[in-house]
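The next block holds one structure in the form of structure tokens; read it before the comments.
Hydrogens, waters and symmetry mates play no part in the numbers below; they use all other heavy atoms, side chains included. Here the structure is a predicted model, which is why all the values come from computation and not from measurement. First listed ligand is number 1; within each ligand, the first listed atom is number 1.
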Amino acid sequence: MSPIRELPIFLMGVGGVGQAVLRQILEHRDLHAFEYGIRYRFIGLADSVGAVLAPETGLDDGRLQEVLALKADGRPLTEHPLGVPHSGDLCPVLEGIHVAGTVVVDCTASRRTIPALLAAHARGYAIVLANKKPLTEDLEVYHRLTRVDGTGHSPRLLDRVRWETTVGAGVPVITTLHRILASGDTVHRIQGMFSGTLGYIMTELEKERPFSQVVREAYELGYTEPDPRDDLGGMDVARKALILARDMGWDMDLWDLDVENLYPPEMDRLSVDAFLASIERLDQRWADRVGGALAQGKVLRYVAELADGQVHIGVRAVPKDSPLGQLTGSDNLVAFHTRWYRPHPLVLRGRGAGVEATAAGVLSDIVEVLGP
Ligand SMILES: NC(=O)c1ccc[n+]([C@@H]2O[C@H](COP(=O)([O-])OP(=O)(O)OC[C@H]3O[C@@H](n4cnc5c(N)ncnc54)[C@H](OP(=O)(O)O)[C@@H]3O)[C@@H](O)[C@H]2O)c1
């Protein structure tokens, strides 16, 4: 048997997805050894306040189980026997560690990881992102992370940086887009339903239920963010669409996107409770919209459309028997209309959220980023 290569990992973010990545790596140690000749060695893990570090030896599996138990208990990494505090900026932490060939994995939802990612990148470390923020803030940061010499005019850096789960979670949307682009095919249009939460809300509205009841239910079931306006405002979908647009070479920023907000801007000032208590006033407007669509054999879907260098995100009435119309619950769907995929688009559909499916996508990125 060929010798096993040890691959160092530094994991930023040990929340739902980060913990699942850690669990899945421990679970698949034999698979990675036998099929890929790899053993992952955690040289560091960090949450929002602390880090557990072992740059020289790596953390043994017992220590990693302690981290999982601690985080499952809702406690910070500073309480781990090897835990040290940090300021929220992981640059100084990474600077204290020099391990060639490290893969830095960002499973946070924070823009504060950007300086550490750029520092890791400058050092030649590989990077895997579940976090959309580094790719959707400054265009310059996007280029620095994804292009060989940091400009939009230099070759892509796909062998060192992966971000598959930033769009569609475990559904391979980014890989598919990059394969289409690499073949020289022309993308005419991308249509996507990228929000499980808004997918759920739209399919419940189709049953002619009041908007207020559906939103409150989604909130109580934990399908929405703690503030449901984070979903209803469309910004999460906008970040996903922006990643696809930038990956196609469109030099855009979030403010260039046309995004429909599902509630009026004056409701931004309310507390979460006050917002939830006052959304009945939107019910009639939504009942009219749903009724109008149903009368034409259509249903409403919250859709991102990318075509001709422009991105439009909002509610569309689509035929009930179309791929988007048939989508139910929290599934995601993306349709690539290209030169070679017509008249029917290339369609991907599947679970667009969930920590295990997302972690599996992160793990595939980790395995692929340096190759077996
Ligand atoms: N959940 C899904 O289904 C899903 C699907 C696709 C993509 N994603 C993306 O995956 C990422 C993680 O999602 P999640 O559901 O796991 O979120 P989460 O449960 O909120 O976990 C976020 C983690 O990041 C840590 N963190 C925050 N700021 C940090 C900093 N400055 N330095 C280091 N760590 C920091 C948090 O620390 P504390 O533990 O101290 O709070 C927490 O451990 C997000 O970007 C999300 O958009 C999630």
Salt bridge between [X] and [Y], side-chain N to carboxylate O under 4.0 Å?
X	Y	result
R285	E280	no
K298	E206	no
K71	D47	yes

Taking 4.0 angstrom as the limit and counting only heavy atoms of A46, give me the atoms of ligand 1 inside it, by number and element.
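What qualifies from ligand 1 is 34 (N).
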
Should [X] be counted as touching ligand 1, given the test is an N or O pair under 3.5 Å?
X	answer
G16	yes
R112	no
G15	yes
K132	yes
G354	yes
G88	yes

Do T186 and R339 have a side chain donor and acceptor closer than 3.5 Å?
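Per modelled atom types, T186 and R339 side chains form no pair under 3.5 Å.
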
Proximity to ligand 1 by part of L90, non-hydrogen separation under 4.0 Å
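For L90, the contact with ligand 1 is made by the side chain alone.
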
Structural part of K71 in contact with ligand 1, heavy atom criterion under 4.0 angstrom
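K71 to ligand 1: side-chain contact only, backbone stays beyond 4.0 Å.
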
Indicate whether atom 3 (O) of ligand 1 is within a distance of less than 4.0 angstrom of some protein heavy atom.
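Yes.
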
Applying side-chain hydrogen bond (donor to acceptor under 3.5 Å, both in side chains), name anything that partners D61, two or more places apart in sequence or on another chain.
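Partners of D61 under the side-chain hydrogen bond (donor to acceptor under 3.5 Å, both in side chains) test: R29.
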
Got the closest protein heavy atom to atom 10 (O) of ligand 1, with its distance?
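Result for atom 10 (O) of ligand 1: A130 CB, 3.6 Å.
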
Search all heavy atoms of W163 against all heavy atoms of D365 and return the closest pair with its distance.
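Looks like N-OD2, 3.7 Å.
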
Run the side chain to side chain donor-acceptor pair (under 3.5 Å) test on D247 and Y142 for me, step by step, so that the C-alpha distance in whole Å, both residues' side-chain angles and the decisive distance to 0.1 Å come before the verdict.
CA-CA 9 Å; D247 282 4; Y142 170 84; 2.5 Å; yes

